[in-house]
> 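Here it is, the structure, as structure tokens.
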Amino acid sequence: MAEPPRFYQTTAIDYPNSRPHIGTAFEKIGADVQARYRRMEGYAVHFLMGNDENTIKVAKRAAELGQGPKTYCDDMARQFKEVWRALEISYDDFIQTSEQRHHVGCRVFIQRVFDNGHIYKGTYEGWYCEGCEAFKTETEAKESGGVCAIHKAPLVKRSEPCYFFALSKFQDQLLRFYEEYPDFIQPESRRNEVLALVQSGLQDVNITRSGQEWGIRVPFDEEFTIYVWFDALLNYITAIGYGTNAELFQRWWPADIHFIGKDITRFHCALWPAMLFAAGVEAPRMVFGHGFVYLKSAQGEQQKISKTLGNIVEPMEIITKFSAEAFRYYFLRECPFPGDGEFSWQRFSDVYNADLANNLGNLYSRCVTLITKNFDGHLHETASREPGVIYTDVDIETTVQQVQAHVEACQYNFALEKIWRQVLDPANQYADKQAPWTLVKTDKEAAKHVLYDLVELLRAAAILLKPFLPLSAETIYRSFNFPQPWESVRHEDAWVHPRQAADLRVLAALHDGKVKPLFPRIS
RNA sequence: CCCGGGGUGGAGCAGUGGUAGCUCGCCAGGCUCAUAACCUGGAGGUCGCAGGUUCAAAUCCUGCCCCCGGAACCA
């Protein structure tokens with residue numbers, strides 16, 4: 001057997017100074033679908049997530065709570081992972097940038113860049129707040145009118161020694177790189193943005209801070225710590241052993257996709273490849289900048305998710321009221337991954353009831369019940385039977401190919417739309433047209449075949465939905481005695497019908513002759 | 001001022017030259033297996049505005065109006 005193709009994907013690491021909200025969850029869900037899809041299709045997948053911990057804000061927040069920064073970070077990481085697990089995010093590794101492996105790798109990396117002559121000592125000048133003990137960005141200073149927004153104290157111009165990364169030297173190399181790998185920046189619309197930025201000229205960036213306890217020390221000048229952006233991006237390679245485990249690093253790098261929010265595209269598309277060039281490491285294959293989730297108020301106003309507005313919707317709130325599967329479905333179906341989307345509780349219940357409860361869930365219920373009531377859950381003499389409907393009314397093969405193409409392009413909303421319009425709707429229509437509940441009284445044999453075909457469509461739907469709704473898809477699939485094990489189904493299996501050795505049977509657990517609704521309606 | 005995205009029936013969206021489509025909602029009918037779910041039909045749009053190109057434009061060109069983002073450390 002040939003070695004399976006490998007697939008290394010990452011998401012942006014999050015600041016642990018507040019709990020994850022639906023926006024951060026959106027990114028993880030989108031990435032998770034890709035990971036699950038690739039695993040299904042036979043790739044050896046490595047899916048990395050993590051938290052970005054080496055910031056002053058984190059150290060300050062910890063101090064406020066009277067905790068050590070490491071204790072604080074570990075506890076936040078635990079909370080993040082709890083949410084991700086609840087959302088069925090199938091990450092393989094979770095890195096905290098306060099970990100040893102990251103510190104060691106970072107120091108190796110920055111030393112290499114320094115040795116290669118791309119780091120030099122200079123002076124950083126900026127607006128400084130004594131209270132925060134931190135520099136403010138130019139924009140922050142301007143917005144607050146030269147006064148610290150937190151301390152209301154005037155900002156002072158302050159300069160301090162620091163090290164710069166010679167980003168400007170890489171302008172031409174970056175432009176050549178974009179030309180050689182036109183797919184590097186996804187979606188396409190972000191490409192011009194980055195091109196324009198790089199073409200307009202890049203400034204060298206300050207990559208160190210001084211006078212801080214918390215953070216990673218610069219190996220060639222231990223007074224300094226590595227500034228957060230230079231350190232954060234490196235998580236993608238330190239997690240897979242850069243500087244600590246050459247063999248592991250060899251196995252996974254370069255990354256196939258970095259999933260990130262559209263706001264940090266520039267760091268990933270310009271700074272990051274330049275850093276790698278400087279260290280003599282290969283650049284990643286693709287950066288995917290997904291859109292944002294906005295909140296829609298009851299008055300119909302669109303709002304940015306923000307702590308200060310106090311409008312954060314916690315993922316757990318939705319999971320508790322509905323389910324993790326419903327959460328996943330809503331964002332994957334309603335918010336185009338490459339573009340922006342909106343969340344409102346009203347919209348959420350509408351979509352939930354229409355697509356999950358009334359359509360998918362109800363189809364499942366009626367099929368199972370019909371077979372149970374009329375055939376005792378056993379369709380005799382259906383072993384090795386070719387289904388009829390999938391070759392006539394519904395072209396599953398085309399649908400599967402379209403769905404796959406959409407998933408690979410991270411167009412999850414289109415993929416789901418195809419499944420609903422081309423598999424589930426036709427199934428409900430077929431049921432209505434054939435009316436097996438009536439047919440069973442006059443021609444039991446014919447009714448049996450109709451049900452057999454309906455189940456065949458449910459089987460196809462379950463396979464197609466596996467990356468999106470892992471638990472519900474499994475429940476549907478395991479409600480029948482399909483020959484292929486659920487663990488190893490591929491998309492191709494959805495249209496290449498396996499000859500059943502045994503008659504089709506219902507295996508779902510029943511209570512008073514009924515199945516438990518997959519998605520109970522919410523009124 | 002600049003850059004990007006967008007303005008399509010009540011709401012949310014698809015649609016880059018050839019009879020304007022989908023989901024939700026609404027109205028009427030059917031069915032009754034199913035989670036009062038399902039199916040069929042209907043009403044409802046001068047596709048932001050004004051010009052232009054073309055046999056033909058939501059779709060291409062020009063100008064204008066409006067909305068939403070962005071401009072370096074914020075997913």
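Every value quoted in this text rests on a predicted model; they were computed, and no experiment measured them. Numbered from 1 within each chain, the chains take letters A, B, ... in sequence-line order.
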> Between B:C39, B:C31, B:A71, which one does the side chain of A:D432 approach most closely?
B:C39

> Between B:A37, B:A72, B:G69, which one does the side chain of A:F267 approach most closely?
B:A72

> Round to a whole Å and report the spacing from CG of A:L174 to P of B:A72.
19 Å

> What's the CD1-C1' distance between A:I522 and B:A36, to the nearest Å?
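After rounding, the gap between these two atoms is 16 Å.
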
> Taking the six-membered ring for Trp, are the ring centroids of A:F322 and A:F348 within less than 6.0 Å of each other?
yes

> So what does A:F26 hit on the nucleic acid, given a heavy-atom distance under 4.0 Å: a base, only sugar-phosphate, or nothing?
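It contacts nothing in the nucleic acid.
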
> Under 4.0 Å, heavy atoms only, any strand: does A:V368 hit a base, just the sugar-phosphate, or nothing?
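Nothing, no nucleic acid heavy atom in range.
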
> If you check the A:A354 side chain, which of B:A37, B:A75, B:C24 turns out closest?
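The nucleotide sitting nearest to the side chain is B:C24.
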
> Centroid-to-centroid, A:F230 to A:F165, below 6.0 Å?
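Yes, ring centres under 6.0 Å apart.
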
> Taking the minimum atom-to-atom distance to the side chain of A:K57, which one of B:U35, B:C74, B:A34 wins?
B:C74

> Using the P atom in both, what is the distance from B:C60 to B:G17, to the nearest Å?
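Comparing P positions in B:C60 and B:G17 gives a spacing of 8 Å.
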
> Determine whether the side chains of A:Y329 and A:E334 contain a donor N or O and an acceptor N or O closer than 3.5 Å.
no

> A:S365 near the nucleic acid: base, sugar-phosphate alone, or nothing, with a heavy-atom cut-off under 4.0 Å?
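A:S365: base contact, heavy atoms under 4.0 Å.
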
> Using whole Å, report how far CG of A:N359 lies from C1' of B:C22.
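Taking CG of A:N359 and C1' of B:C22, I get 14 Å after rounding.
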
> With a 4.0 Å cut-off on heavy atoms, is A:L518 in touch with a base, just the backbone sugar-phosphate, or nothing at all?
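Contact class for A:L518: base.
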
> Identify which nucleotide among B:A37, B:A75, B:C39 has an atom closest to any side-chain atom of A:N358, counting heavy atoms from C-beta outward.
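For A:N358, the side-chain atoms sit closest to B:A37.
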
> Considering only B:C24, B:A75, B:C39, which nucleotide approaches the side chain of A:Q429 most closely?
B:C39

> Sticking with atom C1', work out how far B:G9 lies from B:G4, rounded to a whole angstrom.
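Result for the C1' pair: 29 Å, nearest Å.
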
> As a test of reading the structure: which of B:A75, B:A34, B:U32 is closest to the side chain of A:Y15, going by heavy atoms?
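Looking only at side-chain atoms, A:Y15 lies closest to B:A75.
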
> Between A:G201 and A:V293, who's closer to the 5' end of RNA chain B by nearest nucleotide?
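The 5'-side residue here is A:G201.
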
> Calculate the interatomic distance between A:I207 atom CD1 and B:A72 atom P; express it in whole Å.
20 Å

> Please give, in whole Å, the distance from B:A36 C1' to A:N353 CG?
12 Å

> Considering only B:A34, B:A14, B:A71, which nucleotide approaches the side chain of A:F414 most closely?
B:A14

> Given atom CG of A:L454 and atom C1' of B:C39, what is their separation to the nearest angstrom?
13 Å

> Any chance the side chains of A:N428 and A:R366 put a donor and an acceptor closer than 3.5 Å?
yes

> Could you pull out the protein-nucleic contacts involving nucleotides 3-13 of chain B (nitrogen or oxygen on both sides, under 3.5 Å)?
none

> Can you confirm whether A:F170 sits close enough to A:L202 that some side-chain heavy atom of one is under 4.5 Å from a side-chain heavy atom of the other?
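The answer is no; the side chains never approach within 4.5 Å.
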
> Could you tell me how far B:U8 sits from B:G45 if I compare only their P atoms? Round to whole Å.
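B:G45 and B:U8 have their P atoms separated by 15 Å.
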
> Give me the distance, rounded to whole Å, that separates B:A50 from B:C65 when you measure between the C1' atoms they each carry.
10 Å

> Does the gap between the ring centers of A:F47 and A:Y91 come in under 6.0 Å?
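Ring-ring flag for A:F47/A:Y91: false, centres at least 6.0 Å apart.
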
> Among B:G69, B:A71, B:C38, which nucleotide has an atom closest to any side-chain atom of A:R266?
B:A71

> Ring centres under 6.0 Å, that's the criterion: do A:H290 and A:Y412 meet it?
no

> Give the intermediate values and the outcome of side-chain hydrogen bond (donor to acceptor under 3.5 Å, both in side chains) for residues A:D204 and A:S168.
CA-CA 5 Å; A:D204 292 347; A:S168 59; 2.6 Å; yes

> Rounded to whole Å, please give me the gap between NE2 in A:H406 and C1' in B:A14.
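These atoms are roughly 11 Å apart.
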
> Distance between the C1' atoms of B:C13 and B:A58, in whole angstroms?
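About 14 Å, rounded to a whole number of Å.
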
> How close do A:W84 and A:P20 get, heavy atom to heavy atom, and via which atoms?
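What the structure gives for the nearest pair is CH2-CB, 3.6 Å.
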
> Could you pick out which residue, A:I260 or A:R333, lies toward the 5' side of RNA chain B when each is mapped onto its nearest nucleotide?
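Its nearest nucleotide being more 5', the pick is A:R333.
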
> Within 45 degrees of the ring normal and closer than 6.0 Å to the centroid, is that where the cationic atom of A:K321 sits relative to A:W345?
yes

> Which part of the nucleic acid, if any, lies within contact of A:I264, taking any heavy atom under 4.0 Å across all strands shown: a base, the sugar-phosphate backbone alone, or nothing?
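Here A:I264 touches the backbone only, sparing every base.
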
> A:K373 side chain N/O closer than 4.0 Å to the phosphate oxygens (OP1, OP2) of B:A34?
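Yes, A:K373 has a side-chain N/O under 4.0 Å of OP1/OP2 on B:A34.
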
> Return one dot-bracket line describing RNA chain B 5' to 3' (Watson-Crick or G-U wobble pairs, both distances under 3.5 Å; ( ) same strand, [ ] crossing, | another strand, . none).
.(((((((.[[[[.)..(..]]]].(((((.......))))).....[[[[[..)....]]]]])))))).....

> Closest approach to the side chain of A:K514, judged atom by atom: which nucleotide of B:C22, B:U35, B:C39 is it?
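Closest of the options to the side chain of A:K514: B:U35.
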
> Taking B:G25 as the reference, what is the distance to B:G18 when you measure between their P atoms (whole Å, please)?
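My reading of the P atoms in B:G18 and B:G25 gives 32 Å.
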
> Taking atom P of B:C33 as reference, at what distance in whole Å does atom OH of A:Y430 sit?
19 Å

> What integer number of Å spans the P atoms of B:G42 and B:A36?
28 Å

> Before we go on, tell me: are the rings of A:F337 and A:F26 under 6.0 Å apart, centre to centre?
yes

> Can you check whether A:Q203 has a side-chain N or O nearer than 4.0 Å to OP1 or OP2 of B:A72?
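It does not, given that no N or O in the side chain of A:Q203 lies less than 4.0 Å from OP1 or OP2 of B:A72.
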
> Identify whether the distance between the nearest side-chain nitrogen and carboxylate oxygen of A:E314 and A:R19 falls below 4.0 Å.
yes

> What interatomic distance, in whole Å, is found between C1' of B:C39 and the corresponding atom of B:G51?
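These two C1' atoms come out 48 Å apart once rounded.
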
